[in-house]
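Written out below as structure tokens is the structure these notes cover.
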Amino acid sequence: MLKFSYENSGITQNELVAYFESVSNAHKALHGKTGAGNEFTGWVDLPSNYDREECERIRQTAEIIRGNSDVLLVCGIGGSYLGARAGIEFLKGNFHNHKQGVQVYFIGNNLSPDYLGDLLDYVRDKRISVCVVSKSGTTLEPAAAFRFARELMESKYGKTEAAERIYAITDREKGALKKLADASGYATFAVPDDIGGRYSVLTAVGLLPLAVAGADIAQILEGAQTAAENFSDENVLNNMCYQYAAIRNILLGRGKNIEILAGFEPSLRFFAEWWKQLFGESEGKNHKGIFPASVEFSTDLHSLGQYIQDGTRNIFETVLKIGSPNREMVIPSNSKDGDGLDFLDGKNMSFVNEMARQGTVQAHEAGGVPNLLVEIPKRDENSFGQLVYFFEKACAISGYLLGVNPFDQPGVEEYKKKMYALLKSKNPVL
């Protein structure tokens, strides 16, 4: 089971008690669907009432793709790709595309011609399927990338077979992508009306790419259900998820307005990217919010570590700890070469990594950086489902405690307006 602790945060239980009523009210607003943005809270009960038939169709589709494709191109941006990529790397590691099975690559999350061109050149001679993810179909980055992907597929396979290899995850009834998918004969999966993009990992948005990568999506949903049950008590003293939400706001009140998510496994890199969108887009409103950042230790201890230890004291850390590795390595003896590290002989790498984590927490706490700890049993599907749900629910409660709507993103539209105005201009500034 996923665990949370705050013993190195400087927060007392009495401070949590002071948040009892506020947290209880936030809980009631979320579960009673009376809070701001309540029309986008379908994810709360999703683990227990997800569409079983759609889930089975996702599994069957994944098997088709695994049988006829070397590559799946997932075309989407933000919540339309981050959860899937986070899950694949969490479960399959950083080198999943170099192992046996379908390679999963992501396009439509940037506007770089170098990235897109290099990737399309690489996959051109392989057997390809495409999954395009967009609620509307009019978001510029994935829409532009999908034009290239569709052109490649139709030139490679012809329109009929290309249509059989293109899958659209979009609105159930309306929108440009839904219209195109129906006209072209693409198989479609629905983005639920009551679930926003950054909360959509446990829908087809995340589950189809995960299933193609070989993940057991039933176990992911079971893990999320476990978390939903474990974090259902409105009493902040009995609910670790709500403790995390409350402590974030207590620390913000102390001037800690930057939260660093720290992991000691490279496979957590894109989970941190998903987490940054979840909290940044949910809480950064009305000139409020905690700025979400991330580091990958011990790598970044040799770069950002100096700032975290001795820089401006407006930060706190949330550390992700994985209980046991998926594999173990024993450090060989090297005493004759004189590297001065004889104390490492015969020790497990996981033990050394854990000592690095403990030493880092001790140093940072002594340096004035409060530390929170989220413990994950292991890198498996059940744990991933628990972790996703833990942070989704904590984010919603934290947003309500902060006094913002955690389910909209009005600021995202501002850059689009400026960008579209420039693109439509006859004389854009270059």
Side-chain angles (χ1 to χ4, degrees), residues 43 46 50-51 54-110 119 122-123 126-135 139 141-142 145-146 149 153 165-170 177 181 186-192 195 197-221 223-224 267-271 273-274 277-278 379-381 384-385 387-388:
W43 57 271
L46 179 68
Y50 65 90
D51 187 330
E54 175 116 324
C55 195
E56 179 58 31
R57 197 161 67 88
I58 290 170
R59 282 193 289 263
Q60 292 174 359
T61 299
E63 285 305 309
I64 292 171
I65 295 171
R66 287 168 63 83
N68 69 9
S69 301
D70 303 311
V71 167
L72 174 67
L73 294 177
V74 180
C75 184
I77 195 168
S80 294
Y81 97 99
L82 280 171
R85 185 162 187 180
I88 291 171
E89 296 206 1
F90 179 93
L91 297 170
K92 302 299 178 179
N94 302 85
F95 307 107
H96 61 92
N97 280 336
H98 300 281
K99 301 175 183 177
Q100 188 175 6
V102 179
Q103 299 174 11
V104 182
Y105 293 102
F106 297 87
I107 61 174
N109 51 67
N110 60 64
L119 181 53
Y122 171 71
V123 304
K126 300 179 184 296
R127 299 179 302 162
I128 310 169
S129 288
V130 174
C131 173
V132 54
V133 188
S134 177
K135 183 82 168 176
T139 302
E141 293 91 340
F146 183 58
M153 295 296 283
R165 289 174 168 271
I166 297 175
Y167 304 87
I169 303 177
T170 187
L177 181 55
Y186 306 155
T188 62
F189 296 89
V191 179
I195 299 178
R198 58 189 178 275
Y199 291 85
S200 67
V201 188
L202 303 178
T203 71
V205 173
L207 296 181
L208 180 57
L210 279 161
V212 171
D216 185 340
I217 59 176
Q219 277 296 307
I220 293 174
L221 290 165
S267 58
L268 292 169
R269 182 179 304 158
F270 266 86
F271 186 86
E273 295 300 313
W274 171 80
Q277 186 205 1
L278 179 68
R379 280 175 48 216
D380 63 8
E381 285 88 346
F384 180 72
L387 195 61
V388 165

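The basis for the numbers below is simple: all heavy atoms, side chains too, and nothing from hydrogens, waters or symmetry mates.
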CD1-SG distance between I217 and C55, expressed to the nearest 0.5 angstrom: 4.0 Å
Partner set under ring-ring contact (aromatic ring centres under 6.0 Å, His included) for F271, not counting sequence neighbours: W274, F391
Backbone N/O of K99 and side chain of K92: donor-acceptor pair under 3.5 Å: no
Check: I107 and V74 side chains under 4.5 Å, non-hydrogen atoms: no
Any side-chain heavy-atom pair of L91 and E381 under 4.5 Å: yes
For the student: nearest non-hydrogen atoms of P142 and I77, plus distance: CD-CG2, 3.9 Å
Contact summary for A213 and I88, nearest pair of heavy atoms: CB-CG1, 3.8 Å
Plane angle bin for F106 and Y81 - parallel if under 30°, tilted between 30 and 60°, otherwise perpendicular: tilted
A62 versus A211, closest heavy-atom pair with distance: CB-CB, 3.5 Å
Approximate separation, where rounding is to 0.5 Å, of D70 CG and I65 CD1: 12.5 Å
Closest approach of S200 to I195 (non-hydrogen atoms, all atoms of both residues): CA-CG2, 3.9 Å
Rounded distance (nearest 0.5 Å) linking atom CZ of R85 with atom OH of Y105: 10.0 Å
Any N94 side-chain heavy atom under 4.5 Å of E89 side chain: yes
Residue pair L208 / V133, side-chain heavy-atom distance below 4.5 Å: no
Spatial distance of atom CG (L82) from atom CZ (R198) [nearest 0.5 Å]: 12.0 Å
Closest heavy-atom pair and its distance - L210, A84: CD2-O, 4.1 Å
Close side-chain approach of M153 and I128, heavy atoms under 4.5 Å: yes
I64 vs Y167 side-chain heavy atoms within contact, under 4.5 Å: yes
Any donor-acceptor N or O pair under 3.5 Å, side chains E273, Q277: no
Passing candidate, side-chain contact (heavy atoms from CB on, under 4.5 Å) with K135, options T170, L177, V191: V191
side-chain contact (heavy atoms from CB on, under 4.5 Å) involving R57 - partner list, sequence neighbours excluded: E54, T61, F189
Donor-acceptor contact present, side-chain R66 to main-chain V212, <3.5 Å: yes
Criterion side-chain contact (heavy atoms from CB on, under 4.5 Å) against Q103, the qualifying member of V123, V71, L72: V71
Least distance between heavy atoms, I169 atom then A204 atom: CD1-O, 3.3 Å
Test log, rule side-chain contact (heavy atoms from CB on, under 4.5 Å), inputs W43 and L202: CA-CA 8 Å; W43 57 271; L202 303 178; over 6 Å; no
L387 vs F90 side-chain heavy atoms within contact, under 4.5 Å: yes
